[in-house]
Amino acid sequence: MHGYNVKTLTQFIIERQADFPYATGEFTRLLYHVGVAAKLVNKKVNKAGLVDILGEAGNINIQGEEQKKLDLLANWQFIQALKNSRECCGVASEEDQEIITWDDELSQDGNYIFCMDPLDGSSNIDVNVSIGTIFSIYRRISPRGTKPIMEDFLQPGNKQVAAGYVIYGSSTMLVYTTGRGVYGFTLDPSIGEFCLSHLNILTPDDGNIYSINEGNYNHFPEGVKKYIEYCKQEDKSTKRPYSARYIGSLVSDFHRNLLKGGIFMYPPTASAPKGKLRLIYECNPIAFLAEQAGGVATDGVRRILDIQPESLHQRVPLYVGSKNMVQKLQEFL
Ligand code: P6P
């Protein structure tokens, strides 16, 4: 009899509930609902090629980008699940200009706020490149029983209670941290459960992969140009020249580097003088995960998690990955 010893996300969350001071099960329920939304979005992503949800949704999202239908579906799906959890009092999403709150008392009693990019890398959807959901969870600052306010969402990343991503790739994985290590769960479609597959992910201190869109090379800061040249120099003792790997989907590039070692860079460019990636729902969760796995995440000057956000959709440069690689880059910056 070949049963296999599987631990589902739900079992794991409940087991780890005891890690939480004054654990009341509220956070457990919230994370459970994130898992449900991830499974539902996965279903849609996997069928994207078949069902007519490809292509432009026609309207422009607040980023001025063509909004693809799958973006809208993923955004709606996560917001529904968060509302159903009754533990979340508000949501900040890349797809919505303003924070999302609800009028009912139960939701306003929620202790957590949720920031997300519901489907990052959506320009990759139509060409079947893996995409992802990125999320970040905070305890609210404003009193329970009221609607959350902007200050609840402008907390620095070092106040995160949890962060994670779902990668809809060759397999679908949910990777998250609550500040006690990074855990990976792989979706087993045959039982419809996320099963623990990576216990306590640690990123190598060194790697030989560098990820950056070199099309913007001419506009990079001098230090970044020098580091890229360093990556290309021959030096067997430091495994150089490194390999250039860039998918153009943050979750995919980050996930590969997290497991194998490497550095991901999105510096300021001509079209994005403050960097392209968003602090609140892209850089902060990625930085929390990177640090929990032993890596480093900086905007070139500041630790990402220490940056005090000023606005909901604020962009920052991002340099994240293996400790020694990011530190080498900082020498050039
Ligand atoms: P570029 C996708 O649109 C995204 O937001 C991230 O997932 C990805 O890392 C980045 O933009 C790619 O940007 O300018 O290199 O195409």
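Atoms within each ligand, like the ligands themselves, are counted from 1 in listed order.
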Under 4.0 Å to a heavy atom of Y246 - the qualifying atoms of ligand 1, by number: 1 (P), 12 (C), 13 (O), 15 (O)
Sub-4.0 Å atoms of ligand 1 with respect to non-hydrogen atoms of N213: 1 (P), 14 (O), 15 (O)
N or O contact, D120 vs ligand 1, cut-off under 3.5 Å: yes
Lys/Arg N to Asp/Glu carboxylate O, E193 vs K39, below 4.0 Å: yes
Interfacing atoms of ligand 1 (cut-off 4.0 Å, heavy-atom, G248): 2 (C), 7 (O), 8 (C), 12 (C)
Within residues 115-136 or reaching into it, pairs that qualify as ring-ring contact (aromatic ring centres under 6.0 Å, His included) - sequence neighbours excluded: F114-F135
Donor-acceptor side-chain pairing of S322 and N324 below 3.5 angstrom: no
Nearest option to atom 2 (C) of ligand 1, as decided by whichever heavy atom of G121, S252, S249 sits closest: G121
Any side-chain donor near an acceptor of the partner, S136 and N284, under 3.5 Å: no
Pair Y168, T133: side-chain N/O donor-acceptor within cut-off below 3.5 Å: yes
Side-chain donor or acceptor of N124 paired with backbone N/O of G248 under 3.5 Å: yes
is_close_aromatic(H33, F78), centroid dist under 6.0 Å: no
Best match, E214, E282, K276: closest heavy atom to atom 10 (C) of ligand 1: K276
Nitrogen or oxygen of Y266 less than 3.5 angstrom from that of ligand 1: yes
Ligand 1 to L250 polar contact by distance, N or O atoms, under 3.5 Å: yes
Atom indices of ligand 1, in the order listed, that fall short of 4.0 Å to a heavy atom of F264: 9 (O)
Close N or O approach (N216, ligand 1; < 3.5 Å): no
